[in-house]
Amino acid sequence: MYQNEGYVRYRILRIVVLGIGAVILMRLFAMQILDDGYDERATQNMLRTEVEYPMRGEVLDRNGEYLVKSRVCYDVMVVYRELPKEGFDTLRLMTILDMSKEGLMKRLKEASRSPRAATLVVGYLSQEGKLLLDEGGFSGFHTRFRTAREYPRKIGGNLLGYVSEITQGQLQRSEYDYYEAGDYIGTQGVESAYETLLRGEKGVSYRIYDSHGAVQGSYNDGADDVQPVKGAQLTSTIDACLQEFAEQMMEGKIGSVVAIEPSTGEILVMVSSPTYNPDLMVGRARSSNYASMLHDQRQPQFNRAVKAKYPPGSTFKLVQGLIGLQEGTLRPGDRYPCNNGYTYGTRKMGCHPHKSPLDLRDAVAQSCNAYFCYVFKDMITNAKYGNVKEGVRVWNDYVYSFGFGRRLGTDLYGEGAGYVPTPEYYDRGYNGRWNWGTVLSCSIGQGEMGCTPLQMANLAAIVANRGYYYVPHLIKKIEGRDSIDRRFYERHYTMVDSVNFVPIVDGMWRSVNVSGTSRTAYLEGLDVCGKTGTAQNPLGADHSTFLSFAPKDNPKIAISVYVEHGGFGSAIAVPIASLIEELYLTDTIRRPELLERVLNFQPNYKHYDEKQRKYDAERQKKNEKR
Amino acid sequence: MISDYNISRHKGGNALFGSIDKVALGLYALIVIIGVFCITSASYDPDNGSIFSLSHNYMKQIVWVVISWTMAIVVLLLDRRLFHMFAYPAYILGIMALLAALFFGREVNGAKAWFELGGMRIQPVEFVKIATALMMARVMSDYVFNINRITDLFKVAGVILLPLGIIVLQNDTGSGLVLGAFLFVLYREGLSKYIYFPIIFTIVLFVVSFIFSPVVIFTALLVLFTLYSALKTGAIAGHARFLCCVLLVALLLALLTPLSGYVSLMIACGVAAVMLAAVALKTRTMMLLWPILMFVYAMLFVPTTDVLFSHLEEHQKNRILTFVGLVDDPRGVGYNVNQSQIAIGSGGMWGKGFMEGTQIKYDFVPEKHTDFIFCIVGEEQGFFGAFIVVALYLALILRLMRMGERIKEPFGRVYCYSVAAILLLHVLVNVGMTIGIMPVMGIPLPLMSYGGSSLVAFTLLIMIAIRLDASTSDNDIYA
């Protein structure tokens, strides 16, 4: 009986044992065969994707000299969780990273909020610094490859732009899909316009890590890795030497210098003054430098050369003359009287004293206001248009064909369109009741006209070419490509025939070489042509401007200089343009006294200073409130 | 006695070898060899000395295998009666060793349960298992022993609880749990099944009380027990009425008085239980008393789990909470289990190959060569390997049980069953822990986990069983 009972219990226990075995095996089956999730998690455990950053492309000037260089530097990152519990040699780390204790602690505290993520401690660690850091064996700290910019000549701040970390706002937009938080992106200037070429392509490497965070090798023998592609080297159209010279001359002045090679549209010089040393936008002091520029009311970060809307002043008379000739409302021999100006109704457009009457050539050379009032009035009031409104419309089309009032389609960052008033504009402003007298100030490039210095330089190139232009551009060669964009090889003709340019060019030549407003620009044997401008403005002294090209035949350089509140065109704009032409065409400066005069010339910028004072006072008030 | 001794000696080694259970021996050897391979995979480091350098864990383990097998031969050559004779001294020695470890031992992972001898750690509890098994066999094979007699039951309880008490004091709860394996043996030896119901019931209640709220548990139990009683007595309509009444009273109490739902249910159930008990006693339908008693027990036990729980150590609390899924902390307490499950789960059908397991190789599984050694099989040999290893253990356990049945004397049977039960509990808890169906308890996988004292102790444990089984035609052991 007992034996029997025992045997029953043996069998029950056997079932218990087998039951336990079955539970274990079922669970194993579920985990190993049915559930695929573990596989993925095992891979996630050991694999880490690492982005490999390429070197950013460099920029050369037209003669092969470095405008922008790249240098290797490192971001120092920390993963808080991987920091040793027993602490580390803080003092040594502070020395290597060149950080204060407070700074370091602040960053570590920030990192502790997301202990698993790699958080930036400090950027721009040199290669030597990285070696020291690696040798120090600071676990939890590692470096990320970066490229920092260097500027051998410290020129072209606005022109070249800078590189900065991508913003949160940008990251949310789809066109920035390529980027991740912390990536660098070209901002403004060439850096922005050619970003996709300069940045290269990021690579990816898959590495195996053990549970202690130590690298154990590459995954799949690196078969899935993608090598980074170095950014393309760009060759700029800028002449570094000329650019530096122009920047020096513009120092202390507000305005712009743009020089173009007429036969190609290549931009030789582009100065927006005040400019800044591009090195200020690199390194750890970047943000404070940036802030101080932001508070500067002279706006060093504002690229006047392509964005500012200046009244072109008398330089615009060239356009008026050309339109009149093309429309047949003006013949080169037409003479108009000038009685110290032009009187219409109760108003009078003043002029400076010169002999009268003048023909077109001399009117250009002497820059007679009255003459071009006649020219403009005759054109827009011509009976063939029916009314003034239609006349202005035709005039508009001509002006647009010269590249005014619209973007030229350059490769420049933030190119502005300027402004050309249209009949609709006057309809709105004058309730439809306006006549030729209302628009007359346009005749001498005043009033509503707004042009960028680039557009004015382009006008110089058009006249130099006798009727066409190439879209001005800043980059002439891209590493790895045969050509630049097609649009830069196309001639754009104006609506004015080339034959009509002859008297205008002649007038410009006479202005420099015979008698006129541009005599200072005379250079022996170079046949410089030029047209001055003196633009009135409500803020202070007149803007001084000069439009020029040289030589007269087969021109090599077309230039526009604009100096805010510089006075007469001949006062400062003419010498600056002339010195640049001299240096570019002869490689020497034979008029040191003229250069001296230019360097010492200081326009009166009291309204800027006033603005700055007000702004600073307001900021201080705000700060005090806080 | 002398003549018996002579007979066994005259039979000589060949006869002894012929009567040894080769299946058990083979299973034992296979598991040990698989274990060595696993440890090799866990600890092989090509940069660290030659393959045979003793600095490698697997070489150390091989040395221990050699020692173990030498001891196994010695055990197999010993006279069977020695084990019967040495049961008392071994037990006393074991208890003294435990006490010595408690007072003079070394603390490892919070448990003061280790001796350190010349750089080697020994856990006396490994050997106490053998001593207790022998002692159990000795006590329960007494002529006049009857397990269902209360004095004898106390005797057995004493044999188990004495070492258990010391182990708990050592703060080595996991090892203490192993002694619970003897419940398995006691069942085989005829202990009333009614003892097991409350034990299983308590364990279930304890786990369930963490997952469900008391109201849910009580309602479920109430329905279950009423159903049981209804089916047992056949009075289904009456039980249904009763159930409705209790629930209605509870609902009314909860709605009309400021008492909480939980308290209302307790009161309703309490009153119902007292009334039922009175009816049961009056009509002498004892069948009803069991569910009522268990229900009352549950009512008393569930609220106290919180109190019990609060007396646990922090790491034990965390382990339980993680286990029942109340705390999900893959980087903290759950880290080990999480990583071990990833290792096993990612093994798939055939595994990643010997020494190719990424979880093992790159150190994501902690304690991979000791407590979590099963992960190596699971990850590198897949379901195929894991199945084989589990099957080998089950086969060995079943073989030991069969050997126990084969032995005529209760001494051998009780001992074999003890070994089987100890192995079963170890495998269940250890493998269960690596696959997340058991809370984490630091007990090794027998014969496979790295560690000399564990391997030697399990070898001795099993070899004694094999020796007791061998030549069962001998005269009985009590001579």
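Each chain gets a letter, A, B and so on, in the order the sequences are listed, and its residues count up from 1.
For a residue to count as touching a neighbouring chain, one of its non-hydrogen atoms must lie under 4.5 Å from one of that chain's; by this rule Leu34(A) does not touch chain B. Neither the backbone nor the side chain of Tyr393(B) comes within less than 4.5 Å of any heavy atom in chain A. The parts of Ile435(B) that come within reach of chain A are both its backbone and its side chain, each placing non-hydrogen atoms under 4.5 angstrom from that chain. The contact between Leu424(B) and chain A is made entirely by side chain atoms (from C-beta outward), counting heavy-atom distances below 4.5 Å. Heavy atoms of Phe374(B) lying under 4.5 Å from chain A belong exclusively to its side chain. With a 4.5 angstrom heavy-atom cutoff, Ile33(A) touches chain B only via side-chain atoms. Proximity to chain B (any heavy atom under 4.5 Å) is restricted, for Ile20(A), to the side chain, taken from C-beta onward. Residue contact with chain A, scored on non-hydrogen atoms closer than 4.5 Å, is absent for Lys361(B).
A heavy-atom distance below 4.5 Å is not found between the side chains of Phe364(B) and Tyr209(A). Taking 4.5 Å as the limit, some side-chain heavy atom of Tyr187(B) sits within range of a side-chain heavy atom of Ile12(A).
Between chain A and the residues Gly345(B), Gly347(B), Ala421(B), Gly348(B), the largest count of heavy-atom pairs under 4.5 Å involves Gly345(B).
Remark: side-chain polar atoms of Glu5(A) are not paired, donor with acceptor, to backbone N or O of Gly190(B) under 3.5 angstrom. Remark: the backbone N or O of Leu191(B) is paired with a side-chain donor or acceptor of Arg9(A) at under 3.5 angstrom.
Looking at Arg27(A) and Gln341(B), their side chains do bring a donor and an acceptor atom within 3.5 Å of each other.
Heavy-atom minimum distance, Gln32(A) versus Phe383(B): OE1-CA, 3.0 Å.
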